[in-house]
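Structure record follows, encoded as structure tokens.
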2 protein chains.
Amino acid sequence: MIRNTRQRTAVNAVFEELEGFHSAQEVHARMRAAGDSIGLSTVYRAVQALVDDGELDSIRTDAGEAIYRRCSTRHHHHLVCRACGRTEEVEGPAVERWADRVAGEHGFVDVTHTLEIFGTCAACHRAGATTETP
Amino acid sequence: MIRNTRQRTAVNAVFEELEGFHSAQEVHARMRAAGDSIGLSTVYRAVQALVDDGELDSIRTDAGEAIYRRCSTRHHHHLVCRACGRTEEVEGPAVERWADRVAGEHGFVDVTHTLEIFGTCAACHRAGATTETP
DNA sequence: CCCGCAGTCGACAACAGTTCTCACATGCTC
DNA sequence: GAGCATGTGAGAACTGTTGTCGACTGCGGG
């Protein structure tokens, strides 16, 4: 049975009032700073439960940290600036169809996919920022 | 000054004879297995030097492991069976163009992307295997 | 309203991948 | 060759994440 606990609700609430991607550790620190007593393990568990429920999206940063974000249930992909980390949601029905078709051609069923696009956003490019730090 | 050492040459050679993505640990294990004495730290250093030189591409797996491939490798994506782990390489020029175009529309430059397709392959589907273990 | 207990919590240990440290070895320049 | 900056490698340290286990607590039943 899945229980409705104070902690789980609290983690959920954090993502409701935050925008963009945030790491589990950041959420934990933020909650502790706000006077909310919660364990790090619990944050990880809650976050993973939310991912399982499809309420959060997770991706990995270049540094190997997992970051999470509440996103619309509609299927979409992410366009991430590798300099400032800004993220935009993009949709591509053509890609969905392509992935399904290619998988089907290889005899695969029950198909899902992950797609992330990385680049340098206009602002960072103007600022001369690239992958490397000045 | 950058020195030409046996170890650095050896790491470079490994990626020349391998295709696709491989982790630093895997490269290290492979070299040790081949009788090549080299330290793990050295593999990491060599790999990062190669990334800095633009000779290797690096991405992160979902498990948080960094994997590398030689840039000259033809760009392709993976179709992975979630039951048996079998992997097939697929290409989709349309997807490449789509990703570049979408990123461009958002003002992003220097664009790369990662795409993995997951499904159940024909054999596993016939065998009744699904995501969950029996 | 209270009980029982399965699901949950949280401090901490364990773990994996990666990076750092430092004494020692080794290319490169002269 | 000799000198010396640079690279090496074994292991420790560090980081993010997951597992452990005794204590705790929603929640349904009595």
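Quick note: numbers below take in every heavy atom, side chains included, and nothing from hydrogens, waters or symmetry partners. Chain naming here is simple, since letters A, B, ... match the order of the sequence lines and numbering starts at 1 in each.
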Ion pair A:E89/A:R69, N-O distance below 4.0 Å: yes
Residues B:R6, B:D36: salt bridge by 4.0 Å N-O rule: yes
Base versus backbone protein contacts along nucleotides 10-19 of chain D [heavy-atom cut-off under 4.0 Å; B, S, -]: BB----BBBB
Nucleic acid contacts of residues 4-11 of chain A, taken as heavy-atom distances under 4.0 Å to DNA chain C: A:T5, A:R6, A:Q7, A:R8
Side-chain (A:H22) to main-chain (A:I67) donor-acceptor, under 3.5 angstrom: no
Within 45° cone and under 6.0 Å: A:R70 NZ/CZ vs A:F15 ring: no
same_hphob_cluster(B:V51, B:I59) at 4.5 Å side-chain heavy-atom cutoff: no
Test item: A:T120 side-chain N/O and A:C124 main-chain N/O as donor-acceptor pair under 3.5 Å: no
Spacing of A:R3 atom CZ relative to C:dA6 atom C1', expressed in whole Å: 6 Å
Close aromatic pair by centroid cut-off 6.0 Å: B:H113 and A:H78: no
Over all atoms of both residues, closest heavy-atom pair of A:V102 and B:L79: O-CD2, 4.3 Å
